[in-house]
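Convention: sequence-line order gives letters A, B, ...; per-chain numbering from 1.
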Amino acid sequence: MADTNPSARPRRPGVPVSRRVLPGFGLSLGITLFFISLVLLLPISGLVIHTAGMGWEQFWFVVTDPRVVASYKVTVLAALAASLFNCVFGLLMAWVLVRYEFPGKRLLDAIMDLPFALPTAVAGITLATLFAESGWYGRVLSEFGIEVAYTPLGIVVAMAFTSVPFVVRTVQPVLEELPAEDEEAAVSLGASDWTVFRRILFPVLWPALVTGGGLSFARSLGEYGAVVFIAGNSPYVSEVISLMVFVRLEEYDFAAASAIASVVMGVSLLLLLAINVWQGRYLKRLHGGRG
Amino acid sequence: MSSKHHRVGDGPLIRRTLIGLAVVLTVLFLFMPLVVIFTQAFAQGWAGYIGNILDEYTLHAIGLTLFVALLTVPLNTVFGVFLAWLVTRFSFPGRRLLISLIDIPFAVSPVVAGLLYLLLYGSNGWAGQWLGQYDVELMFAWPGIVMVTVFVTCPFVARELIPLMQQQGRDEEEAAVVLGASGWQLFRRVTLPNIRWALLYGVILTNARAVGEFGAVSVVSGSIRGETNTLPLHVELLYQDHNIVGAFTAASLLAGIALITLAVKTIAEWRQSRV
């Protein structure tokens with residue numbers, strides 16, 4: 001987010017600058033640090049300590065188990081497919097919501113956030129029902145020989161559904177702030193819509209598209225509730241990583257569960273860091289260095 | 001050709017195609033699931049619907065879910081407001097790190113979140129063993145459910161408030177301090193009126209996620225019917241019992257909360273833009 005706070009305000013010479021005019025610094029710092037340490041950092045360090053205690057060989061053995069490796073592949077491929085779908089769908093939705101006026105637009109805009117508000121388990125049973133062979137979509141798709149429910153394709157559908165808002169909501173503000181001049185000039189000079197989009201609009205839009213796609217990918221990697229109902233969960237074929245953690249837990253194999261979980265968490269945190277750095281850099285460019 | 005054709009996509013054909021495509025895809029992908037939920041829930045008519053809700057275990061699940069939300073939401077609201085105040089009103093070393101840390105629950109898989117707490121507070125964890133000496137069991141009981149729900153939903157209020165409070169700046173508040181306002185007066189009279197709609201949406205979103213959390217809760221709950229079964233877990237149980245209508249009845253309550261959340265968001269955004 002752009003830091004518009006004028007933190008460097010002019011100082012009057014001779015007057016001791018009290019940078020903190022506003023009250024509550026100590027109180028809010030105390031409460032925040034206490035809360036973050038207790039709720040976030042303590043449990044995370046618990047996992048790190050737990051995993052560190054198990055020794056490198058055992059760790060490697062657990063996280064490279066063929067069934068677990070298969071679940072990495074399924075999860076990463078499905079998450080990639082889901083976020084690619086969301087990049088296209090999200091760009092279309094953002095474009096339509098920003099550029100056009102039509103009846104029902106407010107409703108369309110509002111329902112974009114449904115996947116964030118709807119519990120994942122509810123999304124899971126609903127999508128499974130829709131895409132099952134007897135379901136409204138499943139019946140039509142099976143005519144074409146396409147099976148979605150209880151296959152890896154079902155995982156893609158569930159991941160795509162739960163992460164719909166990310167791309168829409170990151171591209172939307174960029175499209176809104178887009179200056180019209182270059183675009184209008186190019187159009188009036190006779191360039192086709194596609195050329196102008198490719199040469200003028202896309203170069204401004206793609207960083208936001210990458211951010212949204214990245215967030216969608218990160219969210220999809222960890223998705224559990226929506227996926228388990230539609231995936232079928234057969235070993236080596238349609239098990240996701242989160243489910244593997246769960247399976248190991250149900251076998252009371254805490255060591256294996258935490259080893260796999262630490263891989264998942266490490267990847268998620270790295271992704272989060274990468275997205276933050278990326279976002280900071282392109283925002284800075286967008287706002288002329290104020291980012 | 002036409003003089004109205006100023007920007008990309010203004011041509012009537014492309015305009016209609018894109019709007020049509022967007023509407024059709026949204027109806028298929030986002031709207032139809034809602035239709036399915038309510039058609040399935042009412043498959044046995046109103047009487048069947050009410051009967052399913054009045055089921056002993058469903059009622060208990062509703063009660064437990066509300067109880068969890070009642071504890072989680074105020075806690076995360078207070079935390080969110082303090083965090084937003086801290087990072088938007090003061091500059092200090094580590095401020096950026098703090099803003100990034102708060103995104104962790106977004107990035108961590110809910111199952112991993114549940115596991116984090118199970119490892120620490122479970123009967124094998126050091127905190128769990130220590131508490132066990134005093135016969136305090138947090139996991140597989142309601143406190144565990146509350147703890148993981150707090151973890152999963154703690155970013156939402158802060159995430160709504162931070163961009164807004166940053167944009168509003170601190171001039172009004174500094175003026176109030178100079179005029180002699182106390183901290184509480186300052187917050188209630190100056191800050192709160194400026195942020196109230198965003199705060200409301202943050203709270204309602206926290207609530208929606210708190211009542212709907214599934215992955216993390218299923219790790220620490222044990223899903224004991226009539227004891228530690230929240231509404232989303234109850235949806236799963238009924239679905240696996242092949243009680244499809246019952247599962248969708250419970251799901252329809254959660255979908256109702258989701259729809260209210262979206263409505264509040266739409267209203268709050270509209271009102272906040274006029275503050």
Visitor: Which atom names give the shortest non-hydrogen contact between A/P23 and B/L186, and what distance separates them?
Guide: CD-CD2, 3.6 Å
Visitor: Might you work through the side chain to side chain contact (heavy atoms under 4.5 Å, CB included) test for B/F248 and A/T126, ending with a clear yes or no?
Guide: CA-CA 8 Å; B/F248 276 101; A/T126 309; 3.7 Å; yes
Visitor: Can you tell me how far apart CE (A/M93) and CZ (B/F29) are? Round to the nearest 0.5 Å.
Guide: 12.0 Å
Visitor: Check each atom of B/Q40 against the heavy atoms of chain A and say whether the ones under 4.5 Å are side chain, backbone, both or neither.
Guide: side chain
Visitor: Which atoms of A/L221 come close to chain B, meaning under 4.5 Å heavy atom to heavy atom: side chain ones, backbone ones, both, or neither?
Guide: neither
Visitor: Does any heavy atom of chain B fall under 4.5 Å from the side chain of A/F34, the backbone, both, or neither of them?
Guide: neither
Visitor: Pick from A/E223, A/E250, A/H50, A/K105: which one has the most heavy-atom pairs with chain B under 4.5 Å?
Guide: A/H50
Visitor: Taking side chain as C-beta onward, heavy atoms only, is A/I241 less than 4.5 Å from B/S109?
Guide: no
Visitor: Counting only non-hydrogen atoms closer than 4.5 Å, does A/V157 touch chain B with its backbone (N, CA, C, O), its side chain (CB onward), both, or neither?
Guide: both
Visitor: Under a 3.5 Å distance rule, please check whether A/E183 uses its side chain to pair with a backbone N or O of B/V8 as donor and acceptor.
Guide: yes
Visitor: Tell me, side chain or backbone of A/L40 under 4.5 Å from chain B's heavy atoms, or both, or neither?
Guide: both
Visitor: Could you measure the distance from the CZ atom of B/R209 to the CG atom of A/L118? Nearest 0.5 Å is fine.
Guide: 10.0 Å
Visitor: Any idea which heavy atoms bring A/Y224 and B/G215 closest together, and the distance?
Guide: CD2-CA, 3.7 Å
Visitor: Side chain, backbone, both or neither: which part of A/L29 has a non-hydrogen atom closer than 4.5 Å to chain B?
Guide: both
Visitor: Side chain, backbone, both or neither: which part of B/R15 has a heavy atom under 4.5 Å from chain A?
Guide: both
Visitor: What distance do B/L116 atom CG and A/L42 atom CG have between them, rounded to the nearest 0.5 Å?
Guide: 10.0 Å
Visitor: Does any backbone or side-chain atom of A/A160 lie under 4.5 Å from a heavy atom of chain B? Answer side chain, backbone, both or neither.
Guide: both
Visitor: Which heavy-atom pair separates A/P119 from B/L254 by the least distance, and what is that distance?
Guide: CG-CB, 3.7 Å
Visitor: Which distance, rounded to the nearest 0.5 Å, do you find between the CG of B/N124 and the OH of A/Y252?
Guide: 11.0 Å
Visitor: Given that the side chain runs from C-beta out, which part of A/E101 has a heavy atom under 4.5 Å from chain B: side chain, backbone, both or neither?
Guide: backbone
Visitor: Kindly check if the number of other-residue, nucleotide or ligand heavy atoms within 6.0 Å of CZ (A/R199) is above 12?
Guide: no
Visitor: Among the options A/L127, A/V96, A/I125, A/V122, pick out the one with the most heavy-atom pairs lying under 4.5 Å from chain B.
Guide: A/I125
Visitor: Look only at the side chain of A/Y100 and the backbone of B/L18, and say whether a donor-acceptor pair between them is shorter than 3.5 Å.
Guide: no
Visitor: Quick one: which of A/V228, A/I36, A/D109, A/T120 has the most heavy-atom pairs under 4.5 Å with chain B, could you say?
Guide: A/I36
Visitor: Can you tell which part of A/W194 gets under 4.5 Å to a heavy atom of chain B, answering side chain, backbone, both or neither?
Guide: neither
Visitor: Flag the one option from B/F214, B/F79, B/F151, B/F106 with the top tally of heavy-atom pairs under 4.5 Å to chain A.
Guide: B/F79
Visitor: Who among B/Y121, B/F187, B/W126, B/Y117 has the most heavy-atom pairs with chain A under 4.5 Å?
Guide: B/Y117
Visitor: In terms of heavy-atom pairs under 4.5 Å, which option from A/V245, A/D113, A/V164, A/L273 contacts chain B the most?
Guide: A/D113
Visitor: Write down the atom of A/A117, the atom of B/A208, and the distance for their closest heavy-atom approach.
Guide: O-CB, 4.1 Å
Visitor: For B/S218, which atoms come within 4.5 Å of any heavy atom of chain A: side chain, backbone, both, or neither?
Guide: both
Visitor: Report which part of B/V177 has an atom under 4.5 Å of a heavy atom belonging to chain A: side chain, backbone, both, or neither.
Guide: side chain
Visitor: How far does CG of B/L118 sit from CG of A/L249, to the nearest 0.5 angstrom?
Guide: 6.0 Å
Visitor: At a heavy-atom separation under 4.5 Å, does B/T39 approach chain A through its side chain, its backbone, both, or neither?
Guide: side chain
Visitor: Tell me, side chain or backbone of B/L28 under 4.5 Å from chain A's heavy atoms, or both, or neither?
Guide: both
Visitor: Parallel, tilted or perpendicular for B/F90 and A/F25, by the 30°/60° rule?
Guide: perpendicular
Visitor: Identify which part of A/L33 has an atom lying under 4.5 Å from any heavy atom of chain B, answering side chain, backbone, both or neither.
Guide: side chain
Visitor: Just by distance, do the side chain of A/D193 and the backbone of B/G9 share a donor-acceptor pair under 3.5 Å?
Guide: yes
Visitor: Do the side chains of B/T26 and A/F89 get nearer than 4.5 Å, heavy atoms only?
Guide: yes
Visitor: For A/A121 and B/P232, which heavy atoms make the closest approach, and how far apart are they?
Guide: CB-O, 4.2 Å
Visitor: So, do B/P33 and A/L130 sit near enough that their side-chain heavy atoms are less than 4.5 Å apart?
Guide: yes
Visitor: With a 4.5 angstrom heavy-atom cut-off, could you sort out which part of B/L120 is near chain A: side chain, backbone, both or neither?
Guide: side chain
Visitor: Do you know which two heavy atoms are closest between B/L86 and A/S28, and how far apart they sit?
Guide: CD1-OG, 3.6 Å
Visitor: Please state whether the side chain, the backbone, both or neither of A/F102 comes within less than 4.5 Å of a heavy atom of chain B.
Guide: side chain
Visitor: Quick one: does B/R7's side chain get under 4.5 Å of A/V187's, heavy atoms only?
Guide: no
Visitor: Chain B heavy atoms under 4.5 Å from A/N276: which part of the residue, side chain, backbone, both or neither?
Guide: side chain
Visitor: Answer with side chain, backbone, both or neither: which region of A/L201 has an atom nearer than 4.5 Å to a non-hydrogen atom of chain B?
Guide: side chain
Visitor: Give, as side chain, backbone, both or neither, the part of B/L119 having an atom under 4.5 angstrom from any heavy atom of chain A.
Guide: side chain
Visitor: Do A/F35 and B/V78 have side-chain heavy atoms sitting under 4.5 Å apart?
Guide: no
Visitor: So which of A/G225, A/A257, A/G46, A/A180 has the largest heavy-atom pair count under 4.5 angstrom toward chain B?
Guide: A/A180
Visitor: Does B/E172, at its CD atom, have more than 12 non-hydrogen atoms belonging to other residues, nucleotides or ligands within less than 6.0 Å?
Guide: no
Visitor: Let's go through A/S258 and B/L115 carefully: what are the C-alpha distance in whole Å and the side-chain angles of both, what is the deciding distance for side chain to side chain contact (heavy atoms under 4.5 Å, CB included) to 0.1 Å, and is it a yes or a no?
Guide: CA-CA 7 Å; A/S258 33; B/L115 177 75; 4.3 Å; yes
Visitor: Report yes if the side chains of A/I44 and B/I104 come closer than 4.5 Å at any heavy-atom pair, otherwise no.
Guide: yes
Visitor: So which part of B/F31 gets closer than 4.5 Å to some heavy atom of chain A, the side chain, the backbone, both or neither?
Guide: both
Visitor: I'd like to verify something: which residue of A/V264, A/T129, A/I49, A/L97 has the highest number of heavy-atom pairs under 4.5 Å with chain B?
Guide: A/T129
Visitor: For B/T261, is it the side chain, the backbone, both, or neither that has a heavy atom closer than 4.5 Å to a heavy atom of chain A?
Guide: side chain
Visitor: Examine whether an atom of A/V39 lies under 4.5 Å from a heavy atom of chain B, and if so say whether it belongs to the side chain, the backbone or both; otherwise answer neither.
Guide: both
Visitor: Taking the six-membered ring for Trp, are B/Y239 and A/F229 parallel (under 30°), tilted (30 to 60°) or perpendicular (over 60°)?
Guide: perpendicular
Visitor: If you count heavy-atom pairs under 4.5 Å with chain A, which of B/V108, B/V219, B/L259, B/I260 comes out on top?
Guide: B/V219
Visitor: Measure the CG-CE distance between A/L38 and B/M147 for me, rounded to the nearest 0.5 Å.
Guide: 7.5 Å
